[in-house]
*Asks:* 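Sharing a structure, written as C-alpha cells. Questions coming.
Nothing here was measured: the structure is a model prediction, and the numbers come from that model.
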Amino acid sequence: MPDPYGLRRVVRPKGVLPQQAEALDPELPLGDDELLIDVEHLNIDAASFRQLAKVALGDPKVIGGLVAEIVRGRGKMHNPVTGSGGMLIGRVARVAPGHPAAPELKPGDRIATLVSLTLTPLVLDEIVSVEPKAERLQVRGKAVLFASGLWAPLPDDLPLEMSLAVLDVCGAPAWVARLVRAGMRVLVLGAGKSGSLACAQARKLSAQVTALDYQGALAERLVREGLADAALQADATRPLELFAKARDFDLVVNCASVPGTEMASILAAREGGEVLFFSMATSFTAAALGAEGVGKDVRLTIGNGYARGHARLALDLVRGSPALQRIFAARVS
C-alpha cells in the first residue's frame with residue numbers, strides 16, 4: 001500500500017505525521033515508494049546548531065556527540081530544544097519502483113533533500129567531522145526519503161559545500177520574491193545564509209534594503225558587496241533598542257537564528273506593513289500576541305521552507321551574483 005508521508009515509520013505517538021513524531025523507525029525495510037540515500041553531509045539549521053554549540057561550549061566533538069545522541073534516540077535529526085533540523089546531501093543508494101523519482105534517479109546520483117531532517121528517517125554510522133563555521137557535519141549513514149519528499153540534484157557548476165548551504169535556506173529568496181515590489185523599504189534581520197539571499201533578492205527587485213545584524217560587520221559586508229543599501233548593528237532580542245534605529249519598513253524579513261526577536265520585527269514594520277518570519281527560532285504565540293499587545297496592524301507571515309521553484313531560484317541567484325558566491329565561499333570554507 002502506498003505510504004507517501006511515511007506514516008508506517010512513526011514509532012510514537014501513533015497517529016501523527018513523521019515531523020510531529022517523537023521517534024521514527026529508520027531501520028524498516030525500504031517501502032515500495034521510498035528512496036534510500038547514502039548520507040554524506042548534514043547541514044544543521046542555524047537555530048539548532050547555535051543551541052547545540054552553546055551546550056557543547058563550542059567543542060566540535062561534543063557537538064557531534066549531541067547530534068549522534070539525538071539521532072539515536074529519535075531516528076531523525078530533530079533538536080528537542082529548537083524543534084528544528086536541517087537538510088542533507090548524499091548519493092542515491094536505491095530507488096523503489098513506486099517512488100516518483102524512479103524514472104529519473106539511479107544509484108550513485110548525488111542529491112540534496114529539500115525537506116527537513118525533522119521528518120527524515122536517519123541512521124548515523126559515523127560522524128567524520130564537524131565544521132562549526134559552516135554548521136555542517138560530514139557523516140556516514142543512511143536516510144529515507146518518502147514519496148512526498150522534495151529533492152534536488154546537486155549542480156555541477158557550483159562547489160558542493162556552497163550548493164548545500166544555499167539549498168538549506170532556498171525558501172527565503174523565493175518568499176522575498178513573492179512579497180517585494182520595486183521601491184519598497186525592506187529590513188532584513190540577520191546577515192547569515194538566509195539573510196544574505198533575502199537581501200540579494202530584494203535588491204534585485206529594486207527595493208531599498210537595510211541589513212541588520214548583531215554583528216555589525218556582517219551587515220556592513222552586505223553593503224560593501226552591493227547586496228544592501230544600508231547596514232545597522234542592533235540586538236534584535238531588545239526590541240526597543242532596534243525600534244530606536246529602525247522603523248516604518250514596508251517589509252521586515254526575520255532571518256535571525258536566536259529566539260526572542262518577534263517584537264523587534266513587528267515594531268520595525270510600518271502600520272499595514274508585513275513581517276516575514278523565516279527563522280526556526282520564531283514563536284507564533286509571541287508574534288501574534290505581541291502584535292496585538294502593541295496595537296500594531298501588520299500582516300504576519302510564516303515563511304514556509306518550500307515554495308514552488310525555490311531551489312532553482314536560489315541557485316540561479318547565486319550563479320548570477322559573484323558577491324553572493326564570495327559570501328557563501330567564506331562561510332563554508
*Asks:* Could you tell me which non-hydrogen atom of Ala219 sits nearest to which non-hydrogen atom of Leu232, and how far apart they are?
*Replies:*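 Distance-wise, the nearest heavy atoms are CB-O, 3.9 Å.
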*Asks:* Do side-chain atoms of Glu262 reach the backbone of Phe284 as a donor and acceptor pair under 3.5 angstrom?
*Replies:*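 Between the backbone of Phe284 and the side chain of Glu262 there is no qualifying donor-acceptor contact (under 3.5 Å).
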*Asks:* Any chance you could measure Ser196, atom OG, to Ile327, atom CD1, to the nearest 0.5 Å?
*Replies:*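 Taking OG in Ser196 and CD1 in Ile327, the distance rounds to 4.5 Å.
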*Asks:* Tell me if a side-chain donor or acceptor on Arg72 pairs with a main-chain N or O of Leu124 at a distance below 3.5 Å.
*Replies:*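 Not a single qualifying donor-acceptor pair exists.
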*Asks:* What is the distance from atom CZ of Arg136 to atom CD of Glu40, rounded to the nearest 0.5 Å?
*Replies:*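 Separation between the atoms: 12.0 Å.
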*Asks:* Between Ala96 and Gly31, what is the shortest heavy-atom contact and its length?
*Replies:*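 Here Ala96 and Gly31 meet closest at CB-O, 3.1 Å.
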*Asks:* Counting only N and O atoms by type, is there a donor-acceptor contact under 3.5 Å from the side chain of Lys142 to the main-chain atoms of Ala93?
*Replies:*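 Absent.
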*Asks:* Check whether any side-chain N or O of Thr113 sits under 3.5 Å from a backbone N or O of Leu88 as a donor-acceptor pair, and report yes or no.
*Replies:*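 Side chain of Thr113 to backbone of Leu88, a donor-acceptor pair under 3.5 Å: yes, one is there.
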*Asks:* Would you call Pro155 and Arg319 a side-chain contact if the rule is heavy atoms closer than 4.5 Å?
*Replies:*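 Result yes, sub-4.5 Å side-chain heavy-atom pair found.
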*Asks:* For Asp45 and Ser84, work out which heavy atoms get closest and say how close.
*Replies:*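 Heavy-atom minimum between the residues: OD1-OG, 2.8 Å.
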*Asks:* Could you tell me whether a side-chain N or O of Ser279 sits under 3.5 Å from a main-chain N or O of Ala256, the two making a donor and an acceptor?
*Replies:*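 Side chain of Ser279 to backbone of Ala256, a donor-acceptor pair under 3.5 Å: yes, one is there.
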*Asks:* Report the distance from atom CZ of Arg9 to atom CG of Leu119, rounding to the nearest 0.5 Å.
*Replies:*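 Going from CZ on Arg9 over to CG on Leu119, the span is 12.5 Å.
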*Asks:* Is there a side-chain contact (heavy atoms from CB on, under 4.5 Å) between Ile89 and Ile111 once you walk through the steps?
*Replies:* CA-CA 6 Å; Ile89 64 170; Ile111 63 171; over 6 Å; no
*Asks:* Kindly compute the distance separating CZ (Arg12) from CG (Asp25), expressed to the nearest 0.5 Å.
*Replies:*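 Answer for the CZ-CG pair, Arg12 versus Asp25, is 11.0 Å.
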*Asks:* If two hydrophobic side chains count as joined below 4.5 Å and joins carry through other members, does Leu122 share a cluster with Leu150?
*Replies:*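 Leu122 clusters together with Leu150.
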*Asks:* Rounded to the nearest 0.5 Å, what separates atom CZ in Arg110 from atom CD1 in Ile37?
*Replies:*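 Separation between the atoms: 12.5 Å.
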*Asks:* Do other residues, nucleotides or ligands put more than 12 heavy atoms under 6.0 Å from Asp248 CG?
*Replies:*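 For Asp248, atom CG is crowded (more than 12 foreign heavy atoms under 6.0 Å).
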*Asks:* Identify whether Val62 and Val67 are in the same connected component of the hydrophobic contact network (ILVMFWY, side-chain heavy atoms under 4.5 Å).
*Replies:*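 Yes, same cluster.
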*Asks:* Would you check if Phe328 and Leu197 make a side-chain contact, meaning some heavy-atom pair closer than 4.5 Å?
*Replies:*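 Yes, side chains in contact.
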*Asks:* Which residue is it: Asn79, Thr82, Val130, Val81? I am looking for the one with a side chain to side chain contact (heavy atoms under 4.5 Å, CB included) to Leu52.
*Replies:*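 The single option meeting the side chain to side chain contact (heavy atoms under 4.5 Å, CB included) with Leu52 is Asn79.
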*Asks:* Glu241 side chain to Asp235 main-chain N or O, any donor-acceptor pair under 3.5 Å?
*Replies:*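 Yes: the side chain of Glu241 pairs with the backbone of Asp235.
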*Asks:* Testing the basics here: between Ile44 and Asp168, what is the closest heavy-atom pair and its distance to 0.1 Å?
*Replies:*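 Scanning both residues, the minimum pair turns out to be O-OD2, 4.4 Å.
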*Asks:* Between Arg94 and Glu34, is there a salt bridge with N-O shorter than 4.0 Å?
*Replies:*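 Salt bridge absent between Glu34 and Arg94.
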*Asks:* Against Asp250, only a single residue in Arg181, Arg270, Arg185 fulfils salt bridge (charged side-chain N to carboxylate O under 4.0 Å, His left out); can you say which?
*Replies:*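 That would be Arg270.
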*Asks:* Has Asp213 got a side-chain atom pairing as donor or acceptor with Leu218's backbone, closer than 3.5 angstrom?
*Replies:*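 No, the answer is negative, given that no donor and acceptor are paired below the 3.5 Å cut-off.
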*Asks:* Is there a chain of hydrophobic side chains (I, L, V, M, F, W, Y, each step under 4.5 Å between heavy atoms) that links Val169 to Leu158?
*Replies:*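 Yes, one cluster joins them.
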*Asks:* Regarding Thr301 and Glu274, do their side chains bring together a donor and an acceptor under 3.5 Å, going by distance alone?
*Replies:*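 Distance-only check passes for Thr301 and Glu274.
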*Asks:* Mark yes or no for whether Arg203, through its side chain, and Cys199, through its backbone, hold a donor-acceptor pair below 3.5 Å.
*Replies:*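 Flag not set: sc Arg203 to bb Cys199 has no pair under 3.5 Å.
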*Asks:* Say whether Met184 and Val188 are linked into one hydrophobic cluster, either directly or through other cluster members, by side-chain heavy-atom distances under 4.5 angstrom.
*Replies:*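 Both belong to a single hydrophobic cluster.
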*Asks:* Tell me which one of Glu161, Glu135, Arg326 satisfies side chain to side chain contact (heavy atoms under 4.5 Å, CB included) with Arg331.
*Replies:*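 Between Arg331 and the candidates, side chain to side chain contact (heavy atoms under 4.5 Å, CB included) is satisfied uniquely by Glu135.
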*Asks:* Go through the steps for Leu160 and His41 under the test side-chain contact (heavy atoms from CB on, under 4.5 Å), then give the verdict.
*Replies:* CA-CA 10 Å; Leu160 173 65; His41 292 91; 4.1 Å; yes
*Asks:* Could you tell me whether the side chain of Asp229 and the main chain of Val209 form a donor-acceptor pair under 3.5 Å?
*Replies:*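 At least one qualifying donor-acceptor pair exists.
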*Asks:* Run the numbers on Cys170 and Leu315 for side-chain contact (heavy atoms from CB on, under 4.5 Å), then give the verdict.
*Replies:* CA-CA 8 Å; Cys170 61; Leu315 290 171; over 6 Å; no
*Asks:* Can you get from Tyr306 to Trp175 by hopping between Ile, Leu, Val, Met, Phe, Trp and Tyr side chains that sit under 4.5 Å apart?
*Replies:*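 Result: no, two separate clusters.
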*Asks:* Count the heavy atoms of every other residue, nucleotide or ligand shown that sit under 6.0 Å from CZ of Arg91, and state whether that count exceeds 12.
*Replies:*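 Yes, the 6.0 Å shell around CZ holds more than 12 heavy atoms from other groups.
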*Asks:* Quick check: closest heavy atoms across Lys245 and Ala234, and the distance to 0.1 Å?
*Replies:*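 Smallest heavy-atom distance, with atoms named: CD-CB, 4.2 Å.
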*Asks:* Between Asn254 and Thr282, does any side-chain donor sit less than 3.5 Å from a side-chain acceptor?
*Replies:*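 No donor-acceptor contact under 3.5 Å links the two side chains.
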*Asks:* May I ask you to decide if Gly290's main-chain N or O and Lys296's side chain share a donor-acceptor pair within less than 3.5 Å?
*Replies:*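 Side chain of Lys296 to backbone of Gly290, a donor-acceptor pair under 3.5 Å: no, none is there.
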*Asks:* What closest approach, in Å, do Leu137 and Phe49 show between heavy atoms, and which atom pair accounts for it?
*Replies:*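 In terms of heavy atoms, the two residues are closest at CD1-CE1, 4.3 Å.
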*Asks:* From the options Lys193, Arg50, Gln51, select the one residue that forms a side-chain hydrogen bond (donor to acceptor under 3.5 Å, both in side chains) with Ser257.
*Replies:*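 Going through Lys193, Arg50, Gln51 one by one, the side-chain hydrogen bond (donor to acceptor under 3.5 Å, both in side chains) with Ser257 is satisfied by Arg50 alone.
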*Asks:* Taking the side chain as everything from C-beta on, heavy atoms only, tell me whether Val176 gets closer than 4.5 Å to Val186.
*Replies:*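 Of all side-chain heavy-atom pairs linking Val186 with Val176, none is under 4.5 Å.
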*Asks:* State the CD-CZ distance between Glu69 and Arg74, to the nearest 0.5 angstrom.
*Replies:*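 These two atoms lie 12.0 Å from each other.
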*Asks:* Taking C-beta and beyond as the side chain, do Leu164 and Met87 meet within less than 4.5 Å on heavy atoms?
*Replies:*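 The answer is yes, as the side chains (C-beta and beyond) meet within the 4.5 Å cut-off.
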*Asks:* Only one of Leu105, Leu114, Val92, Asp109 clears side chain to side chain contact (heavy atoms under 4.5 Å, CB included) with Trp151; which?
*Replies:*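 Of the listed residues Leu105, Leu114, Val92, Asp109, the side chain to side chain contact (heavy atoms under 4.5 Å, CB included) partner of Trp151 is Leu105.
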